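For reference, the structure is listed below as structure tokens.
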Amino acid sequence: MIPMVGLALAYLMGSIPAAYLAGRVIRGIDLREHGSGNLGATNVMRVMGPRVGLAVLVFDAAKGALPVLLFPWLFGVQQSAWWAIGYGVAAILGHVRPVFLLGKGGGKGVATAAGVFAALAILPLLVAMLAFIAVVLAFGYVSLGSLVSAAVFPLAVIVASGGLTPVAIAGLGMAAFVFWTHRANIGRLRRGEEHRFGRRRTGTVA
């Protein structure tokens, strides 16, 4: 039962709402009522600027990486890739459905997932990050970059490892999850209504 405690701790760690806290502490605002309304690093950058956004990005990524790196060793399951993946998934779920915000209003999990997979497979993640950067630079859509990088990562893992490893399976599952959390963005992309990165928007987006 001890390794199961790690799942709860990883979920609690993932639930720390860095974007929400940054908005409240620095500006006295609820970021769920500004910009895109999402508690993620992109919306923090849009509303509060790149320095705060970068700090939130690093924090959200660390929420995913630390449980994967530390908890298997701490709870004696360091030989099992599935436990490491499980701790990462718990952290991502905490970010998306944070208990500290009553399970509502979390982010979409991309930065936390990046931290998880940086700890699991750094080289395939770098390939996915290059794909993300290329898409954002070419088209200006962070959401599209997130979707493309989520799809590229498991393919890169399969190529690098030569098969369908536990990390590749987790990557495929995470890609499906990222597409699900971005379903509203996909709709806006199809309608030509998605916000381009670097162009500020005022008011609240429904």
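It should be emphasised that the depicted structure is a prediction, and the values quoted were computed from it without experimental measurement.
Within 6.0 Å of the CZ atom in Arg190, the count of heavy atoms belonging to other residues, nucleotides or ligands does not exceed 12. Heavy atoms from other residues, nucleotides or ligands lying under 6.0 Å from CZ of Arg51 number 12 at most.
When all heavy atoms are compared, the tightest approach of Ala111 to Asp60 is CB-CB, 3.9 Å.
Under the 4.5 Å side-chain criterion, counting only non-hydrogen atoms from C-beta, Met129 is not in contact with Ser149. Residues Val110 and Phe132 have side chains not in contact (no heavy-atom distance under 4.5 Å, counting atoms from C-beta outward). When side chains are defined from C-beta on, Tyr141 does not count as touching Val136, because their heavy atoms never get closer than 4.5 Å. For the pair Val47 and Ile29, the minimum side-chain heavy-atom distance is below 4.5 Å. Annotation: side chain of Phe153 is in contact with side chain of Leu125 (closest heavy-atom distance under 4.5 Å). For the pair Ile169 and Ile85, the minimum side-chain heavy-atom distance is 4.5 Å or more. The shortest distance between side-chain heavy atoms of Val178 and Lys108 does not fall below 4.5 Å. With contacts defined as side-chain heavy-atom distances shorter than 4.5 Å, the pair Ile186/Glu194 does not qualify.
Taken from CE in Met45 to CG in Leu57, the straight-line distance is 5.0 Å, to the nearest 0.5 Å. Going from atom OG1 of Thr112 over to atom CE of Met174 covers 9.5 Å, rounded to the nearest 0.5 Å. Residue Leu74 holds its CG atom at 9.5 Å from CD1 of Ile2, rounded to the nearest 0.5 Å. Rounding to the nearest 0.5 Å gives a distance of 13.0 Å between CG of Leu69 and CD of Gln78. Summarising the geometry, atom OG1 belonging to Thr165 is positioned 9.5 Å from atom CG belonging to Leu120; distances are rounded to the nearest 0.5 Å. Atoms CG and CZ, on Leu31 and Arg24 in that order, are 9.0 Å from each other to the nearest 0.5 Å.
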Side chain to side chain contact (heavy atoms under 4.5 Å, CB included) evaluation trace for Leu189 with Leu147:
CA-CA 11 Å; Leu189 285 166; Leu147 293 167; 4.3 Å; yes

Please test Phe177 against His182 for side chain to side chain contact (heavy atoms under 4.5 Å, CB included), starting from the C-alpha separation and ending with a verdict.
CA-CA 9 Å; Phe177 183 73; His182 283 75; over 6 Å; no

Kindly determine whether Lys63 and His95 satisfy side-chain hydrogen bond (donor to acceptor under 3.5 Å, both in side chains), including the steps that lead there.
CA-CA 8 Å; Lys63 293 192 305 187; His95 179 76; 3.0 Å; yes

Verdict with reasoning, Phe71 to Leu9, per side chain to side chain contact (heavy atoms under 4.5 Å, CB included)
CA-CA 9 Å; Phe71 286 9; Leu9 291 176; 3.8 Å; yes

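The residues Arg188 and Glu193 are annotated as not salt-bridged, no charged nitrogen and carboxylate oxygen being separated by less than 4.0 angstrom.
Connection of Val148 to Leu155 is not established within any shared hydrophobic cluster, with ILVMFWY side chains joined at heavy-atom distances below 4.5 Å, either directly or through further cluster members. Two different hydrophobic clusters hold Leu102 and Leu12 under the rule that ILVMFWY side chains link at heavy-atom gaps under 4.5 Å. In this structure, Val152 is a member of the same hydrophobic cluster as Trp180, with clusters built from ILVMFWY side-chain heavy atoms closer than 4.5 Å. Hydrophobic clustering (side-chain heavy atoms under 4.5 Å, transitive across Ile, Leu, Val, Met, Phe, Trp, Tyr) groups Trp73 together with Leu70. Clustering ILVMFWY residues whenever any of their side-chain heavy atoms sit less than 4.5 angstrom apart, transitively, puts Leu164 in the very cluster that holds Val157.
Aromatic ring pairs are classed by plane angle as parallel below 30°, tilted from 30° to 60° and perpendicular above 60°; the pair Phe75 and Tyr87 is tilted.
Side-chain atoms of Arg196 come within 3.5 Å of backbone atoms of Phe139 as a donor-acceptor pair (strictly under, hydrogens ignored). Here the side chain of Asn38 pairs no donor or acceptor atom with the backbone of Gly107 at under 3.5 angstrom.
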